[in-house]
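Only one structure is covered here, and it is reproduced in the block below.
To find a chain, count down the sequence lines: A is the first, B the second, and so on, and within it residues start at 1. Computed from heavy atoms alone, side chains included, the values below leave out hydrogens, waters and symmetry copies. Predicted model, so just to flag it, every value in this text is computed and none were measured.
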There are 2 protein chains.
Amino acid sequence: MSDSGQSVGRKRRGAGRPTISDVARLAGVSPITVSRALRDPQRVSQDLRANIDVAVRTLGYVPDPNARALASSRADVIGVIIPSLTNNVFADVLRGMYDAINGSSYQIQLGNSRYSPIEEERLLTTFVSQRPSALIVSGIDQTPTARATLENAGCPVLQIMESGPDPVDMMVGFSHRKAAEEIVRHLWHAGYRRIGFIGARMDPRSQRRLQGYRDALEPLGGVDPALVTTTPAPSSVSLGRDLLRDLMSRAPDLDAVFCNNDDLAMGALFECQRSGLDVPRRLGIAGFNDLEMMAAAHPPLTSVRTPRYEIGYRSVRMVLDAITGRDIPERVIDIGYELAVRDSTGGPVLSQ
Amino acid sequence: MSDSGQSVGRKRRGAGRPTISDVARLAGVSPITVSRALRDPQRVSQDLRANIDVAVRTLGYVPDPNARALASSRADVIGVIIPSLTNNVFADVLRGMYDAINGSSYQIQLGNSRYSPIEEERLLTTFVSQRPSALIVSGIDQTPTARATLENAGCPVLQIMESGPDPVDMMVGFSHRKAAEEIVRHLWHAGYRRIGFIGARMDPRSQRRLQGYRDALEPLGGVDPALVTTTPAPSSVSLGRDLLRDLMSRAPDLDAVFCNNDDLAMGALFECQRSGLDVPRRLGIAGFNDLEMMAAAHPPLTSVRTPRYEIGYRSVRMVLDAITGRDIPERVIDIGYELAVRDSTGGPVLSQ
DNA sequence: TTGTAGGCGTTATCAC
DNA sequence: GTGATAACGCCTACAA
């Protein structure tokens with residue numbers, strides 16, 4: 001009790017909560033043994049481990065993550081950067097991530113780049129300064145600076161949402177271009193011939209969906225620029241209404257529309273309801289992502305089902321495996337997508 | 001150059017990035033002066049500060065947040081616990097929070113309790129072990145354990161989303177009970193007499209909305225239990241369809257429905273469209289939160305506009321003020337709400 | 001398997 | 001206003 005660290009006049013700056021030394025003293029071992037028992041119980045003998053467990057519980061000891069990070073030059077943190085918090089797509093991804101990290105000793109450090117590559121650069125710099133155990137970023141269009149930061153981060157790096165060439169390290173996603181191409185082809189096969197495109201935000205993934213739209217129609221009679229409407233404005237249901245109204249007024253013979261995402265598709269549906277256009281007979285509507293509401297709409301809306309939750313879940317499992325040195329059989333995963341074909345693309349009146 | 005720290009044979013464990021000592025050496029001052037210049041420039045003389053700035057830039061010095069947290073017993077982190085990531089309500093709150101923290105040197109540490117008080121307890125314990133600068137939690141229904149943790153966290157605490165008695169510390173929210181009461185009264189005044197309630201999830205805030213529904217109808221002829229349908233299942237648009245269908249089959253004379261949230265309201269609208277019920281003449285529909293899609297629907301849907309973004313934004317500003325010791329004029333803020341009255345509650349056929 | 005020595009990078013404390 | 005000293009709590013490296 002002479003050097004308990006609590007004696008009068010002793011100066012301590014900390015908040016006075018128990019430290020690893022307190023536990024060690026109570027258990028009759030050295031601090032490093034406690035440290036080992038906590039991190040890798042197998043490296044400590046049975047009986048000592050038991051003593052230590054008791055001491056930990058008795059004192060209510062909780063390791064200090066900051067001290068741990070400082071000493072080991074490694075924080076038990078996975079940095080995640082996404083471009084939007086309100087986009088349902090990323091909400092699902094995040095849910096998967098948080099589910100996957102549950103029960104582990106790691107924390108997710110979340111950054112919102114707001115679709116700004118520069119903001120992403122800044123966040124990356126901040127995150128790297130914390131020496132994270134892994135980094136997860138959205139998309140494959142990082143700036144050269146950001147890419148360099150990722151390459152020198154000294155930890156596993158995972159790019160999500162898209163598949164593409166030249167990964168920084170690992171990758172989990174799918175081809176937005178191919179997905180778009182496929183659903184546009186579905187519209188064609190359903191009998192639609194004047195197929196338009198409505199797009200908002202027009203971030204890189206939206207651009208590639210537009211490209212997929214073009215790729216699909218090119219061999220099928222060509223792309224009519226008059227049928228394409230895009231805006232850099234953030235996507236919304238109201239915007240879907242507006243964009244469809246614009247497009248219809250400029251191209252009255254439009255008979256189907258592929259919407260960049262589900263919000264726009266929902267807005268397009270409401271616009272049709274308002275103006276009395278029969279869906280799918282007068283106008284076919286397809287969206288992208290297959291949010292839950294799509295199947296519940298009237299009529300149910302066709303979309304591309306993207307495995308968002310799964311992307312989030314698998315990405316965290318993957319970096320966790322990488323962190324713990326486990327074998328990663330595939331470092332680049334094309335996770336695919338599925339068409340969710342519903343009544344809204346049932347075909348025009350005069351289906352061939 | 002003899003003791004530059006880079007000389008051969010010297011053992012350094014860190015990743016070799018510049019430290020505050022490197023900056024100090026280059027600027028010809030002591031480390032503590034650099035520390036002060038970085039945190040509170042006014043405490044260091046003009047010329048030294050200039051030298052230090054140059055040195056910082058020359059070396060590309062970035063402070064180590066872990067070392068800082070360890071030494072000061074305080075991490076520049078604001079812990080935030082929300083019950084859901086996919087609920088649009090919290091997405092908006094988070095967006096406000098991330099916007100408000102932008103530019104500060106603080107980080108948000110996000111936890112997802114999945115509507116589980118026990119999970120919230122666990123997260124709180126984990127967060128507190130990091131010595132956060134502030135904590136923000138959702139709702140006012142923490143377990144006694146969680147509440148004790150908050151009270152002993154040694155940092156500002158803010159409860160958001162609801163207003164209520166007995167705050168732990170600070171509070172930003174509004175009365176869900178009163179908001180619900182008001183919109184149900186609106187339905188009554190619009191001429192509806194058989195007003196039902198549809199609820200999902202039924203977390204504490206949903207419960208209070210149900211209470212508001214009852215409080216409104218009690219003095220207006222009483223509550224008919226047959227008009228209330230709730231489920232603990234997570235809310236969704238599809239569920240809104242299902243619940244309305246159930247309710248209509250059990251109470252065919254239903255003439256309006258207050259939905260616990262907007263997803264359910266949207267589902268109720270789709271169900272009416274499917275079964276050919278005129279909205280608002282055969283059935284009035286009101287939701288809660290006023291998500292963007294509500295105004296774009298056909299017909300536009302009535303809801304309660306809740307200031308979600310503002311709650312997020314103001315809550316972070318508030319804890320930031322508290323952290324920096326600024327005066328907080330109001331520690332408990334009722335941020336209010338507004339009715340967004342639209343066509344979907346335009347009144348029944350035989351309006352009085 | 002366990003322990004010793006010292007460092008991780010920064011800041012609180014107190015002296016000048 | 002500036003600096004010396006020690007401490008924050010834990011972990012790596014090496015020794016026994």
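- Among the nucleotides dG3(D), dT11(C), dT10(C), the one closest to any side-chain atom of Tyr61(B) is dT10(C).
- The two residues Val316(B) and Ile101(B) have their closest heavy-atom pair at CG1-N, 3.9 Å.
- In Arg43(B), the CZ atom is not crowded: 12 or fewer heavy atoms of neighbouring residues, nucleotides or ligands sit closer than 6.0 Å.
- No N or O donor and acceptor, one from the side chain of Arg49(B) and one from the base of dG1(D), sit under 3.5 Å apart.
- Of the side-chain N and O atoms in Arg43(B), none sit less than 4.0 angstrom from OP1 or OP2 of dG1(D).
- Considering every non-hydrogen atom in both Cys155(A) and Ala134(A), the closest pair reads SG-CA, 3.8 Å.
- Looking at the side chain of Val44(B), the nearest of the listed nucleotides dT2(D), dC10(D), dT10(C) is dT2(D).
- A residue-by-residue look at Pro31(A) and Ser45(B) shows that Ser45(B) has its nearest nucleotide of DNA chain D further toward the 5' end.
- One atom, CZ of Arg25(B), and another, P of dG3(D), lie 14 Å apart when rounded to the nearest Å.
- Across the protein-nucleic acid pair, Asp64(A) atom CG and dA7(D) atom P stand 18 Å apart, rounded to whole Å.
- dG9(C) atom P lies 19 Å from atom CZ of Arg68(A), rounded to whole Å.
- Distance Asn66(A) CG to dC8(D) C1': 10 Å, rounded to the nearest Å.
- Of the listed nucleotides (dT4(C), dG3(D), dT11(C)), dG3(D) has the atom at the smallest distance from the side chain of Thr33(B).
- When distances are taken from the side chain of Thr19(A) to each of dC10(D), dT11(C), dT13(C), the shortest belongs to dC10(D).
- The listed nucleotides are dT10(C), dG3(D), dC8(C); the one nearest the side chain of Ser30(B) is dG3(D).
- No hydrogens or angles were tested; on distance alone, a donor-acceptor pair under 3.5 Å links the side chain of Arg36(B) to the base of dG3(D).
- Taking atom CZ of residue Arg74(B) and atom P of nucleotide dA12(C), one finds them 12 Å apart after rounding to whole Å.
- No hydrogens or angles considered: nothing links the side chains of Ser72(A) and Arg68(A) as a donor-acceptor pair under 3.5 Å.
- The Leu48(A) side chain lies nearest to dT2(C) when the options are dA12(C), dG9(D), dT2(C).
- Across all strands shown, Arg39(B) has heavy atoms under 4.0 Å from sugar-phosphate atoms exclusively, and none from any base.
- Arg17(A) has its CZ atom 13 Å from the P atom of dC8(D), to the nearest Å.
- Protein atom CD1 of Ile20(B) is 15 Å distant from nucleotide atom P of dC8(C), rounded to whole Å.
- Counting only N and O atoms by type, the side chains of Arg326(B) and Thr324(B) include a donor and acceptor under 3.5 Å apart.
- Taking the side chain of Arg131(B) as heavy atoms from C-beta on, and the options dG9(D), dT2(C), dG3(D), the nearest nucleotide is dG9(D).
- With dT11(C), dG9(D), dC11(D) as the choices, the nucleotide that has an atom nearest any side-chain atom of Leu70(A) turns out to be dG9(D).
- Atoms CG (Leu59(A)) and C1' (dG9(D)) sit 15 Å apart, rounded to a whole Å.
- Side-chain proximity of Ile32(B) to the nucleotides dT10(C), dA13(D), dA4(D) is greatest for dA4(D).
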